[in-house]
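Data block below; observations after.
Bear in mind that the values here come from a model prediction, so they are computed numbers and not experimental data. For ligands, and for the atoms within them, numbers begin at 1 and follow the listed sequence.
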Amino acid sequence: AAKSEGRGNFQFFSQAMNAATHERVMMETRLWLALGEKQFELYLQPQVSLASGEVVGAEALLRWHHPELGMVAPGRVIPIAEESNLIFAVGDWVLVRAIEVLAEWRREGMDTLRLAVNLSARQCQGHELLPRLDQLIAGAGVDPSRLELEITESTAMRDPESTRGLLRQLRERGIHVAIDDFGTGYSSLSYLKLFAIDRIKIDRGFVTDIETDANDAAIVTATINLAHSLGLTVVAEGVETAYQSNFLRSRGCDEAQGYLFARPMPAEQFRRFMLEGKARPAVVP
Ligand code: C2E
Ligand code: MG
Ligand code: MG
Ligand code: MG
């Protein structure tokens, strides 16, 4: 009985594995089609200066509208794309669209806004990124200093020597670099002096409970001070409450991003958001 049961388990296991593989292959195929079928959209989430209350930029966030699956979160899209070579096509689509947004902003007189774009690990390796950026920026005639690239600590530490070279060359061009999800990567802080970075983004995981968790509040405060001591600016992610916003402002955090100010939205809606003067969300006393 044990023997046949064992075989049954194995069959079940391999069926489950086949289902998982099948699912992944399906998603890869759908992603390829999505590029041609224009199912991707770049949403923009405002970044607000905590000192002035003004919107000073936005983060570009990928959205995939699938005709049957509906909206697929980037947290699902990016890992699948990373595991196949799709990440290069998807990443390129994001860059092209982001530079387009910067060009639109310039035509509309919103050329002081900065746009932050997430880079995946594999996009940072290889030699295509810099020439492609040069080509897109020159083609659209946008100011490179309006562009910010976000990389995570783990992306940066995959190959520290090549990251160092890449970031130096980005800085030469005036392109800004932010470390995304700061504090979640289990890496030492020594890379901060190694790399030419401009900003640190405090991960939402530290921000969510600052009102109730003294350790999180201490970590956030220390991160702001660390960044400023190093001459870097700080953005806090996932700010949802007035308490969090006020806490961050009182600790000197430069900028914030989160549902308190606005959710990520289509570019056209972002334009209206700026024009309607919602650019100054009330700073709650
Ligand atoms: P991320 O770069 O850390 O982006 C911030 C995420 O937090 C976004 O999730 C945003 O919608 C969400 N968020 C912003 N404010 C709040 C808030 O107040 N509360 C909560 N609960 N969430 C908030 P999203 O858009 O689902 O993106 C998830 C992740 O997917 C991103 O994390 C980034 O790592 C990745 N991603 C998104 N777009 C791209 C892209 O174009 N390229 C690459 N390589 N990765 C991307
Ligand atoms: Mg990001
Ligand atoms: Mg982040
Ligand atoms: Mg994240």
Give a yes/no on ligand 1: does Pro264 have at least one heavy atom closer than 4.0 angstrom to it?
yes
Within 4.0 Å of some non-hydrogen atom of Val239, the atoms of ligand 1 are 18 (O)
Query raised in the report: Quick one: does Arg263 get a heavy atom under 4.0 Å from ligand 1?
Result: no
Under 4.0 Å from one or more heavy atoms of Pro74, ligand 1 contributes atoms 24 (P), 25 (O), 26 (O), 27 (O), 28 (C), 30 (O), 36 (N), 37 (C)
Would you find more than 12 non-hydrogen atoms of other residues, nucleotides or ligands less than 6.0 Å from Gln269 atom CD? yes
- Heavy atoms, side chains only, cut-off 4.5 Å: are Thr155 and Ser120 in contact? no
min-distance N/O/S atom, Glu59 vs the Mg ion (ligand 2), resolves to OE2
Honestly, for Ile78 the part within reach of ligand 1 (heavy atoms, under 4.0 Å) is side chain
Point to revise | Test: Arg146 and Asp111 ion pair at under 4.0 Å | key: no
Practice prompt. Using a 4.5 Å cut-off on heavy atoms from C-beta on, say whether the side chain of Asn118 contacts that of Leu61.
Written response: yes
Identify each donor-acceptor pair in which a side-chain atom of residues 24-35 lies under 3.5 Å from a protein atom, sequence neighbours left out, and give them as a table.
from	atom 1	to	atom 2	distance (Å)
Arg24	NE	Glu28	OE2	3.4
Thr29	OG1	Val25	O	2.8

The atom name of the N, O or S atom in Asp181 nearest to the Mg ion (ligand 3) is OD1
Under 4.0 Å from one or more heavy atoms of Leu119, ligand 1 contributes atoms 44 (N)
For this session: Verify the cluster assignment for Val235 and Val55: are they in a single hydrophobic cluster under the rule of side-chain heavy atoms below 4.5 Å apart?
Result: no
Of Asp181, Val90, Val94, the residue with the heavy atom nearest atom 3 (O) of ligand 1 is Asp181
Against ligand 1, does Glu59 come closer than 4.0 Å with any heavy atom? yes
Mutual orientation of the aromatic rings belonging to Trp64 and His66 [parallel < 30°, tilted 30-60°, perpendicular > 60°]: perpendicular
* Asked: Backbone or side chain, does any N or O of Leu62 fall under 3.5 Å from an N or O of ligand 1?
  -> yes
Counting from 1 in the order shown, the ligand 1 atoms closer than 4.0 Å to a non-hydrogen atom of Gln45 are 14 (C), 15 (N)
Considering only heavy atoms from C-beta outward, does the side chain of Val90 approach that of Leu62 to under 4.5 Å?
yes
- Using distance alone, determine whether Gln123 and ligand 1 share an N or O pair under 3.5 Å. no
Residues Trp105, Phe270; criterion ring pair (Phe, Tyr, Trp, His ring centres under 6.0 Å); working and verdict: CA-CA 11 Å; Trp105 284 354; Phe270 181 82; 5.4 Å; yes
Answer key: the N, O or S atom of Asp180 nearest to the Mg ion (ligand 2) is OD2
Per-atom filter on ligand 1: closer than 4.0 angstrom to a heavy atom of Ser120 are 44 (N)
Atoms of ligand 1 under 4.0 Å from any heavy atom of Arg204, numbered from 1 in the order shown, are 19 (N), 20 (C), 21 (N), 22 (N)
Heavy-atom nearest pair, His176 first then Gly174, reads CD2-O, 3.3 Å
Under 4.0 Å from one or more heavy atoms of Gly258, ligand 1 contributes atoms 15 (N), 18 (O)
Review point. Is it true that Leu95 and Tyr43 fall in one hydrophobic cluster, defined by side-chain heavy atoms closer than 4.5 Å?
Key: no
Glu240 heavy atoms within 4.0 Å reach ligand 1 at atoms 17 (C), 18 (O), 19 (N), 20 (C), 21 (N)
(Q) Using 2.8 Å as the threshold, say whether any N, O or S atom from Glu150 sits that close to the Mg ion (ligand 3). (A) no
Is Arg249 positioned over the aromatic face of Phe247, cation under 6.0 angstrom from the ring centre and no more than 45 degrees off axis? no
